[in-house]
Amino acid sequence: MATNFQFDSDFFKNFLIPDYILRPEAEAKVESVPYVPNCPVLVFINSRSGGQLGGSLLSTYRSLLNEKQVFDLGEEAPDAVLRRFFLNLEKLKLNGDAIAVEIQKRLRLIVAGGDGTAGWLLGVVCDLKLSYSPPIATVPLGTGNNLPFAFGWGKRNPGTDLNAVISFLDQVLKAKEMKIDNWHILMRMKAPAEGSCDPIAPLELPHSLHAFHRVTEGDEHNVEGCLTFRGGFWNYFSMGMDAQVSYAFHSERKMHPEKFKNQLVNQSTYAKIGSTWFFAPLFHPSSMNISQIAKVEIMKHHGDWQTLPIPPGIRSIVCLNLPSFSGGFNPWGTPNCRRQRDRDFTPPYVDDGLLEVVGFRDAWHGLVLLAPSGHGTRLAQAHRIRFEFQKGKADHTFMRIDGEPWKQPLPANESVMVEISHLGQVNMLATHSCISRSVNDPSTPSRIDEDSEEDCEDDSTQGGEEFRKFGAAATFKIPDEVDISQLS
């Protein structure tokens, strides 16, 4: 199909934004434009993602569209681009420019990179607080690519030639809009009398994620005598053995970037490192099991905190927003009618304000995901979840947000608290065959997969107004000393 579009100029008119709207300082005058694009797009590409593919994809998009509507994230941050663009639109609209009005209504965004890069753009769009947020399509250029896969854009690096890009643009033109929940995460610990409980090292925080940073003294979340970090995610938060494996992979990639220029090589290396999880009793002592180091509480109904029992053997907990994890697996699955009735479970909708909380013992347990209806240990669905790490039970743990891991010290004399709350929603673009389900979309498949009676289980309201902003659009940019090729 893509070949039919290759030389069809009318096809490209669907996406082209008139040059005068893209100027850094748009003049307050209306230019004569013979057409209004049906699907105007702004394209953001991490040119260092996917080995050489990011740069090649950047060149192809610039050859097909107006170069000024295609941006290299290595050169300009998305918050600066979008602020300038929408400011130009507002000036033109005030001057009576009808084309500017239509472009704002029809605008769609494309982001090419890994989940960290996509999450960066989503955080910026969220924080801009537009009256209508443009929906976002994601091109898979990372290692996991859970966001693209969940919304039907695939999980393998796409082609970068003309036909591949034209085919992708055609899908964007035909895509449907779907809302996705976003989540605020707060991490707080008492400031130690000596030493540090900062993640090791400070720059290893998931810097790509919506200004996940220590709050300042004037921030509403700041508590005297405490260190407080805050950020957000769209895909998942995890802690334990799976985050440890991810941390080992990222550390290896940081030390030897020349070995990580190909997606298949990256995935193969990840699998090799992950194989250590099969020997978790040797590499991950029982004293590091979740039930040993943390108290977990959930809130399914506003104001009602409940302790969540964690089975003793659970070495990893994953809090899922999307039905895609670790390159396409769905750890939650779809509970059968009996499970829904007995445990008040629902299918994993991406816009219902609930996180799915799943536990895993080890990689052998994880192999159940290879089965058609396999899933982890379903622990809960919740609007809010709180982890309080017990003093002195362990000197560190590993955490991961949307593919970005870090090593978190746990001071012997002070507790560390992590709390996750529902924040709001942003708009995504999805293909009509995507695996994500919407609670508000009547066209979403409603079939319930009937798990067998021998279910693979081991165990028999929205957040407050205080969580208003990730901080991405106003304050976030990737530090100059951080190589964006490290965004997965």
Side-chain angles (χ1 to χ4, degrees), residues 114-116 119 143-144 185-192 194-214 226-231 233 235-257 260 269-270 272-274 276-277 279-280 282-290 292-294 296 314-319 326 360 362-363 387-420 478-479 481-483 486-488:
D115 286 330
T143 302
I185 181 168
L186 191 72
M187 182 167 67
R188 179 176 288 138
M189 60 210 77
K190 286 189 177 180
E194 58 184 21
S196 171
C197 56
D198 283 356
I200 306 173
L203 282 180
E204 291 185 7
L205 275 170
H207 46 260
S208 63
L209 299 171
H210 342 302
F212 196 106
H213 63 285
R214 185 187 300 178
C226 292
L227 301 178
T228 303
F229 296 82
R230 57 189 295 270
F233 66 94
N235 194 339
Y236 63 87
F237 166 83
S238 69
M239 56 169 291
M241 190 69 186
D242 79 292
Q244 182 175 345
V245 169
S246 179
Y247 182 82
F249 170 81
H250 279 254
S251 298
E252 181 72 15
R253 185 170 65 173
K254 188 174 182 179
M255 288 188 294
H256 304 287
F260 296 83
T269 303
Y270 198 103
K272 290 178 182 177
I273 294 175
T276 60
W277 199 5
F279 306 99
L282 299 177
F283 295 98
H284 193 284
S286 59
S287 60
M288 291 285 284
N289 290 356
I290 305 301
Q292 295 292 315
I293 65 174
V296 185
I314 295 297
R315 291 182 168 88
S316 180
I317 280 185
V318 184
C319 301
S326 291
F360 287 96
D362 49 35
F387 299 89
E388 184 171 352
F389 296 90
Q390 302 176 42
K391 302 175 184 178
K393 294 295 185 179
D395 59 7
H396 69 274
T397 188
F398 294 88
M399 301 181 185
R400 181 164 61 144
I401 299 178
D402 286 0
E404 300 293 315
W406 75 97
K407 183 178 180 179
Q408 177 60 50
L410 301 175
N413 299 319
E414 303 294 346
S415 62
V416 175
M417 184 273 293
V418 173
E419 184 173 325
I420 300 170
I478 294 181
E481 63 270 24
V482 177
D483 186 347
Q486 299 305 313
L487 300 189
S488 65

Discussion item. How close do I290 and S316 get, counting heavy atoms only, and between which atoms?
Written reply: CG1-N, 4.1 Å
Worksheet entry | Qualifying residues under ring pair (Phe, Tyr, Trp, His ring centres under 6.0 Å), relative to F387, sequence neighbours excluded | F237
Response to the item:
What one should report as the nearest heavy-atom pair of C319 and I420 is SG-CD1, 4.4 Å
Discussion item. I'd like to know if the side chain of D402 reaches the main chain of N235, judged simply by a donor and an acceptor atom lying under 3.5 Å from each other, with no hydrogens or angles considered.
Written reply: yes
Worksheet item: Given side chains that start at C-beta, do those of M239 and V418 come closer than 4.5 Å, heavy atoms only?
Response: no
Discussion item. Just verifying a value: how many Å separate R188 CZ and E388 CD, rounded to the nearest 0.5 Å?
Written reply: 12.0 Å
Fill in: I293 side, atom CD1; L410 side, atom CG - distance, nearest 0.5 Å
6.0 Å
